[in-house]
2 protein chains.
Amino acid sequence: MTDIDTDNSPIPERKRGSGVKMVYDLLRDEILDLVLPPGSPIDEVQLAERLKMSRTPIREALVRLAGEGLIDTLPNRSTMVANIDFLNLNPFFDALVLMYRVTTRLAAQNHRPEDLPIIRGFHEDYAAAVQTRDALTMIATNAAFHAAIAESGRNPYFTSLFRRLLDEGRRILRLYYQSYDEQFPQRFVDEHAAMIAAIAARDVEAADRLGKAHAEQIVEQVQKLFARNNKLDIAL
Amino acid sequence: MTDIDTDNSPIPERKRGSGVKMVYDLLRDEILDLVLPPGSPIDEVQLAERLKMSRTPIREALVRLAGEGLIDTLPNRSTMVANIDFLNLNPFFDALVLMYRVTTRLAAQNHRPEDLPIIRGFHEDYAAAVQTRDALTMIATNAAFHAAIAESGRNPYFTSLFRRLLDEGRRILRLYYQSYDEQFPQRFVDEHAAMIAAIAARDVEAADRLGKAHAEQIVEQVQKLFARNNKLDIAL
DNA sequence: TGTATTTTATTTGTCGACAAGAAAAATACA
DNA sequence: TGTATTTTTCTTGTCGACAAATAAAATACA
């Protein structure tokens with residue numbers, strides 16, 4: 001037995017292409033869960049020594065994140081978590097509502113039987129998170145649920161834009177649930193169930209209508225919250 | 001005069017942050033103009049010595065291009081120009097038509113006076129390219145024209161998806177014009193003019209209608225072409 | 001004391017080198 | 001001659017180091 005693997009070193013064993021993905025996933029989650037709030041500085045060197053790797057894979061992960069708009073990079077200067085433009089959320093809401101509609105509609109049109117169990121799975125995960133009042137899981141599984149619907153619609157262009165919007169939505173909702181833990185999520189569970197039914201029945205118009213209503217519901221709630229909050233903490 | 005710039009060396013002087021952008025722009029143009037056809041291998045080392053720089057900035061440009069779907073990277077193996085899925089262009093057309101509509105509509109709604117000269121500028125560039133029958137310029141300025149309209153609509157989410165679609169469209173149209181140099185571009189010039197008029201008049205419904213018609217016009221033409229061509233060169 | 005200029009420090013952008021992975025080539029074996 | 005195995009080659013992924021660009025600190029000067 002050739003002892004190439006001298007296990008006196010803790011965990012320096014990392015597979016070759018895995019470093020970038022590890023950093024990317026880590027930072028992405030921390031950004032979307034607001035562990036890294038908007039504006040947080042991101043230090044390459046610090047990350048490198050924390051994760052015990054060179055700056056190169058970290059840099060690559062940062063480039064990817066910048067491409068998705070999750071971080072901003074000032075040339076020759078610091079890089080930081082992208083800010084949320086709270087003062088002008090309308091473009092975001094417009095895009096979100098349209099993508100909700102289009103992806104739900106396309107799901108009713110193009111889904112395959114094997115897609116439904118996956119969608120139902122996320123639906124149940126979301127319902128469970130609502131039961132246990134686990135806000136973070138609730139937000140993440142809600143996004144996963146709608147992303148799965150979008151996938152079943154089989155239009156990669158819409159799916160990728162929608163994913164980006166859902167990501168941004170995770171950050172916004174995170175603020176929402178951290179201020180008020182409202183009781184309305186049960187309503188969302190019911191609406192999700194209705195959407196699944198429409199998709200399974202291939203009822204395109206109903207899916208469109210439900211997607212639109214669901215989206216406008218969310219938008220309205222969030223806008224209401226911000227209207228209340230802005231009276232207090234405009235500071236930031 | 002301090003002679004820091006000893007000009008015995010040809011062009012080794014490159015500004016610090018410019019390498020990545022240079023490579024990115026170069027490859028992007030070559031990909032979109034089909035100078036690098038779909039499937040072309042991209043060799044980092046070769047590019048590095050051709051452009052007289054290290055692999056690092058080239059790598060970063062490739063990561064960005066991969067993020068936009070213009071190249072595909074097989075782990076630990078080659079990276080190559082992304083293929084075009086000619087067999088299933090429908091998702092592309094669906095997304096394109098919707099984005100044409102939405103961006104033109106939003107332009108009519110949200111544009112500012114200073115946007116119009118920019119849009120008209122690309123319009124004239126396009127008209128000039130049609131006059132001189134310069135296919136490559138025609139394709140590029142057409143994309144720039146619609147991108148400018150999208151910008152004036154001021155929804156960055158729609159704009160970035162539309163840009164990606166227009167890029168992909170450049171590659172597809174490139175094939176079109178290289179096979180047949182049709183005479184229909186003049187029609188597009190007229191439709192462009194009508195769109196500008198609707199935007200300037202802030203006629204949202206007209207803009208929506210024109211955007212949709214224009215998009216469907218293009219889609220129909222391209223589909224017609226491929227129907228003809230597929231009888232001959234299914235090979236690839 | 002307040003402003004302008006120089007110096008230091010910190011962080012990024014780029015480089016050359018090396019090793020891991022996978023394909024291609026070469027060899028062994030039937 | 002055809003298949004399996006080893007060797008070689010080639011490309012990528014990662015590393016540590018250095019230099020440029022900027023910000024912060026320190027100094028000079030009024």
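Each chain gets a letter, A, B and so on, in the order its sequence line appears, and its residues count up from 1. Every heavy atom of this structure was used, including side-chain atoms; hydrogens, water molecules and symmetry mates were not.
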Quickly work out the B/Met80 CE to D/dT12 C1' distance and round it to whole Å. 16 Å
Please give, in whole Å, the distance from D/dT14 C1' to A/Tyr24 OH? 21 Å
Rounded to the nearest angstrom, tell me the gap between atom NZ in A/Lys21 and atom C1' in D/dT14. 19 Å
NA contact type, B/Glu44, heavy-atom cut-off 4.0 Å: base, sugar-phosphate, or nothing? sugar-phosphate
Using a cut-off of 4.0 Å on non-hydrogen atoms, how would the nucleic acid contact of B/Leu74 be classed: base, sugar-phosphate, or nothing? nothing
Both distances under 3.5 Å, Watson-Crick or G-U wobble: on that basis, could you give the dot-bracket string for DNA chain C, with [ ] for crossing pairs and | for other-strand partners? ||||||||||||||||||||||||||||||
Just checking B/Thr79: base, sugar-phosphate only, or nothing, at a heavy-atom cut-off of under 4.0 Å? sugar-phosphate
Separation of A/Asp43 atom CG from C/dA9 atom C1', in whole Å? 14 Å
Without decimals, in angstroms, what is the distance between A/Glu49 CD and D/dC15 P? 14 Å
B/Ile42 vs A/Pro57, nearer the 5' end of DNA chain D by closest nucleotide: B/Ile42
Begin from the C-alpha positions of B/Glu151 and B/Arg163 and carry the test salt bridge (Lys or Arg N to Asp or Glu O under 4.0 Å) through to its verdict. CA-CA 10 Å; B/Glu151 285 290 351; B/Arg163 280 209 130 93; 2.6 Å; yes
Kindly indicate whether the side chain of B/Phe93, heavy atoms from C-beta on, has any atom under 4.5 Å from the side chain of B/Val222. yes
Within the 4.5 Å heavy-atom criterion, are B/Asn142 and B/Met138 side-chain neighbours or not? no
Any donor-acceptor N or O pair under 3.5 Å, side chains B/Arg154, B/Thr159: no
Could you check whether B/Arg28 pairs with B/Asp167 (Lys NZ or Arg NE/NH1/NH2 to Asp/Glu carboxylate O, under 4.0 Å)? yes
Using whole Å, what does the distance between atom P of nucleotide C/dT12 and atom CD of A/Glu60 come to? 17 Å
Name the nucleic acid region contacted by B/Val45, choosing base, sugar-phosphate or nothing; use a 4.0 angstrom heavy-atom cut-off, strictly under. base
Determine, for nucleotides 16-25 of chain D in 5'-to-3' order, which nucleotides have protein heavy atoms under 4.0 Å from the base (write B), from only the sugar-phosphate (write S), or from neither (write -). -B--BSSS--
Which class fits the ring pair A/His123 and A/His192: parallel under 30°, tilted 30 to 60°, perpendicular over 60°? perpendicular
Dump the intermediate steps for salt bridge (Lys or Arg N to Asp or Glu O under 4.0 Å) on B/Asp33 and B/Arg170, then the final yes or no. CA-CA 7 Å; B/Asp33 288 342; B/Arg170 275 177 67 176; 3.1 Å; yes
Taking the side chain as every heavy atom from C-beta outward, state whether A/Leu165 and A/Tyr100 have any atom pair closer than 4.5 Å. no
With side chain to side chain contact (heavy atoms under 4.5 Å, CB included) as the test, would you mind laying out the steps for A/Asp115 and A/Ile199 before giving the verdict? CA-CA 10 Å; A/Asp115 297 327; A/Ile199 291 169; over 6 Å; no
note: A/Ile58, atom CD1; C/dT11, atom P; distance rounded to Å ~ 14 Å
Whole-Å distance, B/Lys52 NZ to C/dC15 P, equals 12 Å
